[in-house]
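Note on naming: letters A, B, ... go to the chains in the order of the sequence lines (proteins, then strands), and numbering restarts at 1 for each one. Hydrogens, waters and symmetry mates play no part in the numbers below; they use all other heavy atoms, side chains included.
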Amino acid sequence: MESRTFCFSNNYLGEFRMEMKTVIITGVPGVGKTTVIGELSNLLKERGISYFIANFGDFMLKSAISEGLVTSRDQIRKLSHRLQVKLQGIAAREIANEARKQLANGGILIVDTHAIVKTSTGYWPGLPSHVVEELNPDVIAVLEASAEEIYRRQSEDRTRDRKDIQERGIEEIRELMLYARVAAISSAVVSGASVLQVLNERGKAREAAETILRVIDVI
Amino acid sequence: MESRTFCFSNNYLGEFRMEMKTVIITGVPGVGKTTVIGELSNLLKERGISYFIANFGDFMLKSAISEGLVTSRDQIRKLSHRLQVKLQGIAAREIANEARKQLANGGILIVDTHAIVKTSTGYWPGLPSHVVEELNPDVIAVLEASAEEIYRRQSEDRTRDRKDIQERGIEEIRELMLYARVAAISSAVVSGASVLQVLNERGKAREAAETILRVIDVI
Amino acid sequence: MESRTFCFSNNYLGEFRMEMKTVIITGVPGVGKTTVIGELSNLLKERGISYFIANFGDFMLKSAISEGLVTSRDQIRKLSHRLQVKLQGIAAREIANEARKQLANGGILIVDTHAIVKTSTGYWPGLPSHVVEELNPDVIAVLEASAEEIYRRQSEDRTRDRKDIQERGIEEIRELMLYARVAAISSAVVSGASVLQVLNERGKAREAAETILRVIDVI
């Protein structure tokens, strides 16, 4: 009770400027997530807002290497599913810890990840309860584009090995997008976050980033 | 183990008549929720069943006022998202406390709220885990009507400021209704409740209330 | 921290072979779940993999009988919803306990259940948080077939009382299947499991079982 009242008084008096807020940015491969996060990074810099961008996959890799489980990124998907679930939890905690250090004076933690991932064991939630409990997100953004546009981007993308995805075709992208929305809503129910659908149209990554920035202003 | 056996024995012997049961009634704006709850109230009175109706929004307002955060309802949506999430949890606890007082000899707690709400930060779950843990619902009813009918009702409704919703059109109502179902199922998974879809056709609010009453008899 | 490192070292060194893994197999009535689980049982025997198959409904019945609540299966659905939710939790714990005994040297726990069940109180999740916390699944398999095929199988099925379901028609099967997917994803978000959709085409139960077996190899 004390802590609650304390918390509200502080917030009401505007003393919470030092608080860290968390935005999780999700999107299926090919939706243009990296570009939008780059634009958002620029916008936050321009606005003088402190932020820390954590790529979930990078943190999983770091955790797996430091546990002696893998030496390269490709080996992660060959670990047992149960081990990957544990790594997921460790990565979330490491991100939260690192963000608290980086943003000790407040700011925005941006987590770059997926709401759902297609793996050899099926659709795997990227934001299960043990992850959102660590990250405590205010908003889970779901970047979207038309399935056709995503298919096109996946086909053009030569920088990563995405052959498995290209072969699936547009119907499978549509299914993945639906399940990503469902998983994001479910992660929001578990955590109390909002789910923000953000359209990332061809050549309009800046607009998508601006949409996210407007929401950052009110969380 | 003891407490479990105790609980079942009591229930089996019929000594649980004093227990409180909880029905959460949700529905998108314009679905006719207020009318159905009014009819349900009449039916429960006729049947001599004790009940307590809690409007979630009213309890959030009360909590926000007593915390010194707002003086009127419109100011709530201008609070930070994080603060609204906290208010949501406080309101849920206050409802549970008040219901236990009002229904000390058993009865039905009816909570009037939304499964999902469209806000400036995106789709916000009305029944996240920290809320359902307080309310412990037996049933989450989702009132539904055709998107066209809801659009018509929203357009006719002059008693509240719903311009933002009217402009969205029927497609956006359909999306909101789908996400409301998904969020309700997710809240049910978190809490163990059932999800009861109830069709509220034009002029048939009494029938919708009777459907809910039949379920109240078996929870 | 110690226990985490301990756990990973063990796993990395391959000392976790004795661990029990859990696959939950769900599917709407008529999808052919019993046949697929029979085939999976054969495949696991052929491969010399230890396993224990638990039918969730059987465990609920056993718990209800031992609590003195019912004497036959049909009486369970006449218990109050709240009591059924409690029985659900007890059954999950009993399954976990029995599996730990049966698979003390490791193996696969296969739970035969539903992601969602249509009851007199609405759609009831078969894998709510209090159940998945006990079962700790690695994979939630969702068996699927075309709604038409399921309707046909339900109509032919004379071994159980499924009249209520037959009357619903194909549209209602489609809705149930959609909600089963949503509920499975939500249960996966709560537990960290993957959701594996498995197509069970007419006369191809063995193939469906082989798909599940391939996933068992990597969890």
Side-chain angles (χ1 to χ4, degrees), chain A residues 63-71 75 77-94 97 114-134 140 172 175-176 178-191 193 195, chain C residues 1 3-14 16-17 19-26 108 115 125 127-129 132-133 136-144 178-198 211-219:
Chain A
S63 303
I65 289 172
S66 78
E67 296 284 347
L69 293 165
V70 304
T71 54
Q75 295 173 314
R77 70 181 69 181
K78 287 165 192 159
L79 296 173
S80 77
H81 175 73
R82 188 162 285 196
L83 206 44
Q84 291 187 60
V85 171
K86 281 177 186 166
L87 277 174
Q88 201 184 25
I90 295 171
R93 194 163 50 245
E94 296 293 330
N97 287 341
H114 302 280
I116 212 154
V117 185
K118 192 147 190 178
T119 72
S120 57
T121 58
Y123 290 105
W124 184 33
L127 299 169
S129 56
H130 71 292
V131 167
V132 289
E133 275 157 24
E134 296 287 350
I140 299 169
E172 297 197 7
E175 182 174 278
L176 183 62
L178 173 63
Y179 294 174
R181 286 182 180 192
V182 170
I185 291 174
S186 192
S187 298
V189 165
V190 168
S191 65
V195 173
Chain C
M1 188 66 182
S3 69
R4 196 189 83 200
T5 307
F6 179 71
C7 147
F8 274 99
S9 308
N10 269 9
N11 204 29
Y12 187 49
L13 298 170
F16 256 6
R17 282 167 305 186
E19 205 179 10
M20 183 176 81
K21 301 285 176 77
T22 300
V23 177
I24 298 179
I25 301 185
T26 70
I108 309 299
L127 299 169
S129 56
V132 289
E133 275 157 24
N136 189 23
D138 296 280
V139 175
I140 300 170
V142 182
L143 287 185
E144 301 201 330
L178 173 63
Y179 294 174
R181 285 182 180 192
V182 170
I185 291 174
S186 191
S187 298
V189 165
V190 168
S191 65
S194 287
V195 174
L196 180 72
Q197 284 178 234
V198 181
T211 301
I212 297 171
L213 188 67
R214 274 194 297 277
V215 168
I216 284 175
D217 282 339
V218 295
I219 56 177

- Please walk me through it: do C:Leu196 and A:Tyr123 pass side-chain contact (heavy atoms from CB on, under 4.5 Å)? CA-CA 6 Å; C:Leu196 180 72; A:Tyr123 290 105; over 6 Å; no
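A donor-acceptor pair is defined here as one N or O able to donate and one able to accept, closer than 3.5 Å; no such pair exists between the side chain of A:Glu134 and the backbone of A:Gly89.
If you measure heavy-atom distances from A:Glu175 to chain C, the contacts under 4.5 Å come from the side chain alone. With a 4.5 Å cut-off on non-hydrogen atoms, C:Arg214 does not touch chain A at all. Using a 4.5 Å cut-off between heavy atoms, C:Val190 touches chain A through backbone and side chain atoms alike.
A salt bridge links C:Asp138 with A:Arg82: at least one charged nitrogen is closer than 4.0 Å to a carboxylate oxygen.
If you tally non-hydrogen atom pairs under 4.5 Å between each of A:Val85, A:Leu127, A:Val189, A:Thr121 and chain C, the highest count goes to A:Thr121. Between chain A and the residues C:Val218, C:Ile140, C:Ile212, C:Val142, the most heavy-atom pairs under 4.5 angstrom are made by C:Val218. Contact count against chain A (heavy-atom pairs under 4.5 Å) is highest for C:Ala193 among C:Ser191, C:Ala193, C:Ser129. Of the listed residues (C:Asp217, C:Val215, C:Ile185, C:Val182), the one with the most heavy-atom contacts under 4.5 Å to chain A is C:Ile185.
A donor and an acceptor atom, one from each side chain of A:Gln75 and A:Thr71, are located under 3.5 Å apart.
When ring centroids are compared, A:His114 and A:Trp124 stay outside the 6.0 Å threshold.
In this structure, A:Ser120 OG and A:Lys78 NZ are separated by 11.0 Å, a value rounded to the nearest 0.5 Å.
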